[in-house]
Amino acid sequence: MLDYLKTVVPSQLLAERGSNLVVINPGSANIRVGLAKQDSPFSIPHCIARRSNQLPKLNVQDQLLNSQVTTAQHMEREKAYDVIASLLKIPFLDEEVANNSVPRKMGRVDGYNPQNTRKDGAFTWTYTHVKDLNSSVPQGTESKEPTLAELKFREVIFGEEALRISPTEPYSLRRLIRRGHLNISQHYPMQQVLEDLHALWDWILLEKLHIPHQERSLYSAILVVPETFDNREIKEILSILLRDLRFSSAVVHQEGLAAVFGNGLSTVCVVNLGAQVSSVICIEDGVALPNTEKTLPFGGEDISRCLLWTQRHHQTWPQIRTDILTKPIDLLMLNRLKESYCEIKEGELDAIAVVHSYEDAMPAGSHKTRLTALNVPPMGLFYPTLLIPDLYPPPPRSWFHDYEDMLEETWHIEFPRRSDMPDGLYPGSNVGLQMWDNYPFVSMKPKKEEKVGLAEAITSSILSTDLQRKLFCSIQLIGGVALTGGLIPAVEERVLQTIPSNEAIHTVEVLQSRTNPTFVSWKGGAILGVLDFGWDAWVHREDWIRNGIHIGSGRKYKDSYFLQAQAMCYINS
């Protein structure tokens with residue numbers, strides 16, 4: 001089998017074995033889903049809106065959060081801005097620059113960003129009505145355009161359409177994942193979250209992948225989960241995949257590990273820059289090192305919020321009511337502006353842009369304006385007090401109490417190194433399966449958020465390993481924020497400055513991604529799925545429904561080291 005792996009072309013292998021494998025990579029803002037044979041996944045906003053009889057207008061169900069900025073936070077934010085301004089050689093926050101008193105080093109007026117093309121088009125409101133098939137229309141009066149009496153509200157609206165619902169419509173908008181966890185709170189009960197998750201994913205399978213219910217048993221699911229997920233969350237989602245969506249089998253992989261295989265690497269520090277969470281984890285020879293894991297509670301959406309604050313402070317934002325909390329369509333606009341115009345570079349960076357106002361079901365208004373300090377918001381990754389992330393009410397801690405870890409914690413097992421192993425045993429040998437039989441019981445690992453910037457998190461993560469010199473030159477940026485212009489040299493410079501002087505490290509290098517950073521983990525999940533010829537780590541539907549996982553069962557559903565070794569052999573061949 002390994003001989004076949006060494007001779008087959010990757011695209012051929014994906015085409016042969018990927019037609020019945022569905023790869024699912026859920027995130028806080030978007031979910032990426034597709035068949036393993038596809039070149040790229042569908043990326044769909046991870047939210048759902050349900051019609052409400054009680055609510056006269058749009059209600060964002062998870063808005064019970066702390067979005068108020070305290071005086072202390074505001075002072076810290078202004079201080080962070082001035083530190084960044086000094087680094088970027090631009091005026092301080094409240095510094096008045098007289099005309100022509102200082103030679104201006106202007107950025108291109110079109111806000112050039114090599115990674116993105118500018119998009120100035122307005123979003124349109126979602127049409128929330130459908131024809132009521134039960135309505136009685138007098139014979140002979142049918143018209144092409146249904147009358148108001150023939151229409152009824154759509155009961156459920158999914159994805160981006162849910163974010164574009166007018167504030168005047170009677171819907172409850174729900175985001176399924178917040179800051180890397182299921183969005184469970186006293187105001188959004190677990191059962192409701194899971195029902196909405198099932199409804200959205202079922203819609204994606206039907207409408208995007210065209211897999212009807214009666215054919216689901218012919219497909220298997222590869223679940224690529226964020227490092228932030230806890231065991232209970234993984235189990236609940238596995239139950240949805242196998243019991244409710246009726247996949248025949250499923251396997252779980254972590255985003256960081258999948259990213260390594262998505263880019264054809266083996267030992268690397270993976271920096272995942274998502275919409276609401278950033279995380280760092282080091283991978284050695286295809287095995288995740290959990291003591292290196294760092295979670296930072298900020299991401300791309302926080303940069304978008306900071307962009308709005310910066311423009312309002314400089315009075316460059318039009319006099320319009322932009323409110324990303326109660327009008328999700330405004331967040332879509334800000335995300336687009338950020339992706340089109342924000343980048344990290346020295347000197348003043350302004351751009352002429354079109355900003356849109358969205359008011360109560362009226363057509364979008366267009367406002368041409370000159371945005372300023374566009375290089376400041378993305379620097380909040382290194383100075384997070386600039387971002388001031390919103391605080392979401394966490395679920396009760398009892399939610400996370402569990403007895404088994406869904407992911408194989410290979411870091412607690414002493415694997416033989418290449419030099420210690422007999423010829424022919426590395427990689428692809430049975431050593432992983434032997435260790436599988438003697439797998440030790442391990443309690444759940446805690447998930448804690450770090451209160452540091454990105455450079456400190458990367459440095460701390462790598463310094464906790466024995467591969468410091470190699471990992472500092474093998475940093476991989478993934479996630480949508482990784483597309484930010486100028487971010488790679490900024491990470492290299494900031495990390496190098498953060499390394500303690502007593503460490504003999506003089507070079508930091510971020511590797512260029514071979515795959516689009518936005519979905520490299522999804523692609524890695526597809527590769528891991530098609531390479532698993534043994535199916536050792538897969539959970540089968542009947543077995544899961546009948547037994548699940550319980551203490552003393554002796555059965556573990558985990559990523560197997562053997563599977564990783566197979567994949568490493570394929571990649572390095």
Could you go through V252 and F229, starting from their C-alpha distance and side-chain angles, then the distance that decides it, and tell me whether this counts as side-chain contact (heavy atoms from CB on, under 4.5 Å)?
CA-CA 11 Å; V252 182; F229 266 27; over 6 Å; no
Taking every heavy atom of H314 against every heavy atom of A373, the minimum-distance pair comes out as NE2-CB, 4.3 Å
Looking only at heavy atoms, which two atoms of T385 and A80 are closest? And how far apart?
OG1-CB, 3.4 Å
Which of these, L487, L387, I84, L454, sits in a side-chain contact (heavy atoms from CB on, under 4.5 Å) with M379?
I84
How far does CD of E493 sit from CZ of F382, to the nearest 0.5 angstrom?
9.0 Å
So salt bridge (Lys or Arg N to Asp or Glu O under 4.0 Å) across residues 72-81, not counting sequence neighbours, yields E76-K79
Under 3.5 Å, is there a donor-acceptor pair between the N263 and S513 side chains?
yes
Under 3.5 Å, side chain of E233 to main-chain N/O of L182, donor-acceptor pair present?
yes
Heavy-atom closest pair (T507 atom, F472 atom, distance to 0.1 Å) is O-CB, 3.9 Å
Can T322 and L308 be said to form a side-chain contact (heavy atoms from CB on, under 4.5 Å), step by step?
CA-CA 9 Å; T322 304; L308 177 60; 4.1 Å; yes
With respect to L471, which candidate in T267, L463, V508 satisfies the side-chain contact (heavy atoms from CB on, under 4.5 Å) definition?
T267
Side-chain H-bond candidate by donor/acceptor type, T316 with Q311, under 3.5 Å
yes
Test side-chain contact (heavy atoms from CB on, under 4.5 Å) applied to N30 - qualifying residues, sequence neighbours left out:
R32, S43, P45
Can you tell me how far apart CG (L93) and CG (L386) are? Round to the nearest 0.5 Å.
9.5 Å
State, yes or no, whether a side-chain contact exists between V225 and H253 at a heavy-atom distance under 4.5 Å.
no
Can you find a pair of side-chain heavy atoms, one from P517 and one from L483, that are under 4.5 Å apart?
yes
For the side chain of T70 and the backbone of Q73, is there at least one donor-acceptor N/O pair under 3.5 Å apart?
yes
Is it true that the NZ or CZ of R178 lies under 6.0 Å from the centre of Y188's six-membered ring and within 45 degrees of the ring axis?
no
Does a side chain donor of either D94 or H313 reach within less than 3.5 Å of an acceptor in the other side chain?
yes
Examine distances only and state if a side-chain atom of K327 and a backbone atom of R321 form a donor-acceptor pair shorter than 3.5 Å.
yes
Any chance the side chains of W317 and T369 put a donor and an acceptor closer than 3.5 Å?
no
Would V33 and I44 count as a side-chain contact (heavy atoms from CB on, under 4.5 Å) if you check the C-alpha gap in whole Å, the side-chain angles of each, and the deciding distance to 0.1 Å?
CA-CA 8 Å; V33 183; I44 297 158; 5.7 Å; no
Test item: V376 and Y81 side chains (from C-beta on) under 4.5 Å apart, heavy atoms
yes
Under 3.5 Å donor-acceptor, D230 side chain and R232 backbone
no
Rounded at 0.5 Å granularity, tell me how far OG1 in T484 sits from CD1 in I303.
5.5 Å
If you take all heavy atoms of P26 and I31, which pair is closest and at what distance?
CA-CG1, 4.0 Å
Just so I know, are the side chains of L87 and R494 near enough to count as touching, which here means a heavy-atom distance under 4.5 Å?
yes
Taking the side chain from Q476 and the backbone from V271, do they hold a donor-acceptor pair closer than 3.5 Å?
no
Sidechain-backbone polar pair: S278 side chain, F298 backbone, donor-acceptor under 3.5 Å:
yes
Would you check if there is a donor-acceptor pair between the side chains of S304 and N335 at a distance under 3.5 Å?
yes
Tell me the closest heavy-atom pair linking A259 and I478, and the distance in Å.
CB-CD1, 3.7 Å
What's the separation between atom CG in D330 and atom NE2 in H356, rounded to the nearest 0.5 Å?
11.5 Å
What distance separates T498 OG1 from I505 CD1, expressed to the nearest 0.5 Å?
13.5 Å
What do the steps show when you test D302 against K338 for salt bridge (charged side-chain N to carboxylate O under 4.0 Å, His left out), and what is the final call?
CA-CA 11 Å; D302 300 296; K338 171 199 67 183; over 6 Å; no
Could you check whether atom CZ of R469 has more than 12 heavy atoms from other residues, nucleotides or ligands sitting under 6.0 Å from it?
no
Between the side chains of T372 and D350, is a donor N or O closer than 3.5 angstrom to an acceptor N or O?
yes
Looking at R174 and I48, would you say the former's side chain and the latter's main chain have a donor-acceptor pair under 3.5 Å?
no
L337 to A353 - nearest heavy-atom pair and separation:
CD2-CB, 4.2 Å
Can you tell if the side chain of L477 reaches within under 4.5 Å of the side chain of I488, non-hydrogen atoms only?
yes
Contact between C269 and I458 at the side-chain level, heavy atoms closer than 4.5 Å - yes or no?
yes
Are the side chains of T310 and C306 in touch, meaning some heavy atoms are under 4.5 Å apart?
yes
Would you say E343 and N375 are linked by a side-chain donor-acceptor pair, where the criterion is simply a distance under 3.5 Å?
no
Enter the distance from I240:CD1 to L194:CG here, rounded to the nearest 0.5 Å.
4.5 Å
Please lay out, stage by stage, how L511 and E509 fare under the test side-chain contact (heavy atoms from CB on, under 4.5 Å).
CA-CA 6 Å; L511 303 177; E509 183 179 355; 4.2 Å; yes
Does S266 reach the main-chain N or O of G286 with its side chain, forming a donor-acceptor pair under 3.5 Å?
no
Could you tell me whether the side chains of H46 and W201 share a donor-acceptor contact shorter than 3.5 Å?
yes
Validation row: I283, V287 side chains within 4.5 angstrom (heavy atoms):
no
Report the residue from S461, S464, S460 that forms a side chain to side chain donor-acceptor pair (under 3.5 Å) with K294.
S460
With a 3.5 Å distance limit and no angle check, can you tell me whether W522 reaches the backbone of I24 through a side-chain donor-acceptor pair?
no
Any side-chain donor paired with an acceptor under 3.5 Å for Y341 and R336?
no
Would a distance-only check, ignoring hydrogens and angles, find a side-chain to backbone donor-acceptor pair under 3.5 Å from T295 to S279?
no
In plain terms, say whether E160 and R164 are close enough for a salt bridge, that is, a side-chain N and a carboxylate O under 4.0 Å apart.
yes
